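Small disclaimer: the values here were computed from a predicted structure and weren't measured.
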Amino acid sequence: MWSNVRTAGATVDVRRGAPDDPFHAVIRISAPGSSPVDVLVGRFAWQRDVVARATPVSLPMATIPVVSAADLVLLKIYAGGPQDLVDAQRLLETPERGSLVAEVESRIAALPAGCRDDWSRIESAGPRTAD
């Protein structure tokens, strides 16, 4: 499946998730001179919806779907690790915070209750201030 990517000079590291992991797999693609790209392989319908909404981006080696900022917030909240939740909060630090929050709010109900609780804490924390 990844032969075209490898032929183009990139390395592909496939990490399969355990049955209780939030994602079926994470594939890290690294090409010389470029930042690595993580491809998430989901398990649930809401994750298929995230991919369906993604914007196709053409790279030299392939065209890949890139998720919106709101969907990235959802994915980070779903992953649920401490750094993921910090990342989700940082994604909200944008002049478009209001529209981004509204977009996440319109989709958060599809995630498990614990994720909705994490979202409430992140959203109510508001923008972080510089120290």
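Judged by distance alone, with hydrogens and angles left aside, the side-chain atoms of Q47 form a donor-acceptor pair with the main-chain N or O of F44 at under 3.5 Å. A distance-only check finds a donor-acceptor pair linking the side chain of S120 to the backbone of R116 [under 3.5 Å]. A donor-acceptor pair is defined here as one N or O able to donate and one able to accept, closer than 3.5 Å; no such pair exists between the side chain of T94 and the backbone of R97. Within the 3.5 Å criterion, the main-chain N or O of A18 finds a donor-acceptor partner in the side chain of D21.
Listed by chain and residue number, R53 satisfy the side chain to side chain contact (heavy atoms under 4.5 Å, CB included) test with D49 (two or more places apart in sequence, or in another chain). Taking D117 as the reference, R121 meet the side chain to side chain contact (heavy atoms under 4.5 Å, CB included) condition, with sequence neighbours excluded. Qualifying salt bridge (Lys or Arg N to Asp or Glu O under 4.0 Å) partners for D84, counting only residues two or more places apart in sequence or in other chains: K76. Contacts of R16 classified as salt bridge (Lys or Arg N to Asp or Glu O under 4.0 Å), with partners at least two apart in sequence or in another chain: none. Not counting sequence neighbours, R43 has no partner by the salt bridge (Lys or Arg N to Asp or Glu O under 4.0 Å) test.
The shortest non-hydrogen separation linking G9 to P32 is O-CD, 3.4 Å. Pairing each heavy atom of A88 with each of I77, the nearest pair is CB-CG1, 4.0 Å. Residues H24 and G42 approach most closely at CB-O, 4.1 Å, considering heavy atoms.
Proximity of L75 to W46: side-chain heavy atoms (C-beta onward) are separated by under 4.5 Å at one or more points. Side-chain contact between V12 and I27 is present, with heavy atoms from C-beta onward closer than 4.5 Å. Side-chain atoms of L92 and I122, non-hydrogen and from C-beta on, do get closer than 4.5 Å to each other. Using a 4.5 Å heavy-atom threshold, the side chains of I64 and V39 count as separate. Side-chain contact between Q83 and V86 is present, with heavy atoms from C-beta onward closer than 4.5 Å.
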Stepwise side chain to side chain contact (heavy atoms under 4.5 Å, CB included) test for V26 and V41: CA-CA 6 Å; V26 176; V41 180; over 6 Å; no
query: Should D38 and F23 be marked as a side chain to side chain contact (heavy atoms under 4.5 Å, CB included) after you check the CA-CA gap, both sets of side-chain angles, and the distance that decides it?
result: CA-CA 12 Å; D38 289 335; F23 298 99; over 6 Å; no
- request: Evaluate the side chain to side chain contact (heavy atoms under 4.5 Å, CB included) criterion for residues V57 and T63: first the C-alpha distance (whole Å), next the side-chain angles of each, then the deciding distance (0.1 Å), finally the verdict.
  value: CA-CA 5 Å; V57 174; T63 298; 6.0 Å; no
task: With side chain to side chain contact (heavy atoms under 4.5 Å, CB included) as the test, would you mind laying out the steps for V67 and V51 before giving the verdict?
output: CA-CA 7 Å; V67 301; V51 174; 5.6 Å; no
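By the 4.0 Å N-to-carboxylate-O rule, D13 lies close enough to R15 to be salt-bridged with it. The pair R107-E103 meets the salt-bridge criterion, since a charged nitrogen lies less than 4.0 angstrom from a carboxylate oxygen.
Residue pairs meeting the ring-ring contact (aromatic ring centres under 6.0 Å, His included) criterion with at least one member in residues 85-120, sequence neighbours excluded, do not occur.
Interatomic distance, CG of L85 versus SG of C115, reported as 9.0 Å (0.5 Å rounding). Here the straight-line distance linking atom CD of E123 with atom CD1 of I108 works out to 10.5 Å at 0.5 Å rounding. Between the CG atom in L111 and the CG atom in L74 there is a gap of 5.5 Å [rounded to 0.5 Å].
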